[in-house]
**Q** 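Right, I'll just put the structure down here and ask away after.
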Amino acid sequence: EVQLVESGGGLVQTGGSLRLSCEASGVNFDEFVIGWFRQAPGKEREGVSCIDTRESRTYYADSVKGRFTTSSDNAKKMVYLEMNNLKPEDTAVYYCASTQRSVLMIWDVPGAWGFWGQGTQVTVSS
């Protein structure tokens with residue numbers, strides 16, 4: 001059974017940093033990829049990043065490139081999202097998700113992901 005549990009959210013000032021963690025139990029990292037999404041109030045859920053641990057590839061939304069980094073510890077079934085230089089517009093609920101590698105070409109489409117965590121709130125104050 002796949003279970004995704006996020007942690008690490010919180011309140012931070014503009015320019016600050018946070019590291020989110022996703023415990024991905026039951027996920028075969030050779031066949032599945034892990035993504036991070038976020039949803040701000042009144043907005044649609046959007047893709048933030050994706051990591052393909054089998055091919056050691058990462059993908060990022062343009063809005064976070066250069067500021068966010070995703071990484072993994074396969075042995076621990078953990079995926080991380082290091083967020084630096086945070087801005088108020090990064091405020092959202094952040095979700096960890098998992099899907100098969102076959103949908104990598106549309107990784108930023110929420111509907112392509114089958115498994116989701118419960119989310120963790122990130123608030124960036126100005």
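Computed from heavy atoms alone, side chains included, the values below leave out hydrogens, waters and symmetry copies. All values reported here derive from a predicted model rather than from experimental measurement. Position 1 is the first residue of the sequence; numbering continues from there.
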**Q** Under a 3.5 Å threshold, yes or no: a donor from one side chain and an acceptor from the other, between Q121 and T123?
**A** yes
**Q** On a heavy-atom basis, which atom in Q100 and which in V33 lie closest, and how many Å separate them?
**A** O-CG2, 4.3 Å
**Q** Surrounding CD of E55 (heavy atoms of other residues, nucleotides or ligands, distance under 6.0 Å), is the total greater than 12?
**A** yes
**Q** Distance check, rounded to the nearest 0.5 Å: S25 atom OG versus E1 atom CD?
**A** 7.5 Å
**Q** Using the rule that two of Ile, Leu, Val, Met, Phe, Trp, Tyr join whenever any of their side-chain heavy atoms come within less than 4.5 Å, decide whether W36 and V12 are in one cluster.
**A** yes
**Q** Does any non-hydrogen side-chain atom of P110 lie less than 4.5 Å from one of F37?
**A** yes
**Q** Do V27 and L4 make a side-chain contact, defined as non-hydrogen atoms from C-beta onward lying under 4.5 Å apart?
**A** yes
**Q** Could you give the distance from OG (S7) to CD (E23), rounded to the nearest 0.5 Å?
**A** 8.0 Å
**Q** Locate the shortest heavy-atom distance separating W107 from Y60; write the atom from each residue and the value.
**A** CZ2-C, 3.7 Å
**Q** Rounded to the nearest 0.5 Å, how far does CD1 of I34 lie from OG1 of T58?
**A** 14.0 Å
**Q** How far apart are the C-alpha atoms of C22 and V5, what are their side-chain angles, what is the distance that settles it, and do they pass the side-chain contact (heavy atoms from CB on, under 4.5 Å) test?
**A** CA-CA 5 Å; C22 173; V5 180; over 6 Å; no
**Q** Just by modelled atom types, is the A112 backbone N or O under 3.5 Å from a matching donor or acceptor in the T99 side chain?
**A** yes
**Q** Please check if the side chain of R45 supplies one atom and the backbone of Q39 the other of a donor-acceptor pair under 3.5 Å.
**A** no
**Q** Charged N to carboxylate O under 4.0 angstrom, R101 versus E31?
**A** no
**Q** For a 4.5 angstrom cut-off between non-hydrogen side-chain atoms, does Y94 reach V48?
**A** yes
**Q** Is the closest basic N to carboxylate O distance between D62 and K65 below 4.0 Å?
**A** yes
**Q** Just wondering, are more than 12 heavy atoms of other shown residues or ligands nearer than 6.0 Å to CZ in R54?
**A** yes
**Q** Between G35 and W113, which heavy-atom pair has the shortest distance, and what is it?
**A** N-CZ3, 3.3 Å
**Q** Classify the ring geometry between W116 and Y95 as parallel (under 30°), tilted (30 to 60°) or perpendicular (over 60°).
**A** perpendicular
**Q** Examine distances only and state if a side-chain atom of T53 and a backbone atom of F29 form a donor-acceptor pair shorter than 3.5 Å.
**A** yes
**Q** For residues S17 and N84, report the shortest heavy-atom separation together with the two atoms involved.
**A** OG-OD1, 2.8 Å
**Q** Do E6 and Q118 have side-chain heavy atoms sitting under 4.5 Å apart?
**A** yes
**Q** Using a 6.0 Å distance limit plus a 45 degree cone around the ring axis, check whether R19 lies over the aromatic ring of Y80.
**A** yes
**Q** Please answer whether the main-chain N or O of F68 pairs with a side-chain N or O of E82 as donor and acceptor at a distance below 3.5 Å.
**A** no
**Q** Looking at L104 and C50, what are the two nearest heavy atoms and their distance?
**A** CD2-SG, 3.6 Å
**Q** Please examine the side chains of D90 and V122, heavy atoms only from C-beta on, and report whether any two atoms are closer than 4.5 Å.
**A** no
**Q** So how far is it from E44 CD to R38 CZ, rounded to the nearest 0.5 Å?
**A** 14.0 Å
**Q** Test side-chain contact (heavy atoms from CB on, under 4.5 Å) on S49 and Y59; report intermediate values, then the result.
**A** CA-CA 5 Å; S49 72; Y59 306 82; over 6 Å; no
**Q** Rounded to the nearest 0.5 Å, what separates atom CD1 in I51 from atom OG in S56?
**A** 7.5 Å
**Q** So do the side chains of P88 and T14 get within less than 4.5 Å of each other, counting heavy atoms only?
**A** yes
**Q** To the nearest 0.5 Å, what is the distance between CG (D73) and OG (S21)?
**A** 10.5 Å
**Q** Testing the basics here: between S125 and L11, what is the closest heavy-atom pair and its distance to 0.1 Å?
**A** CB-CD1, 4.3 Å
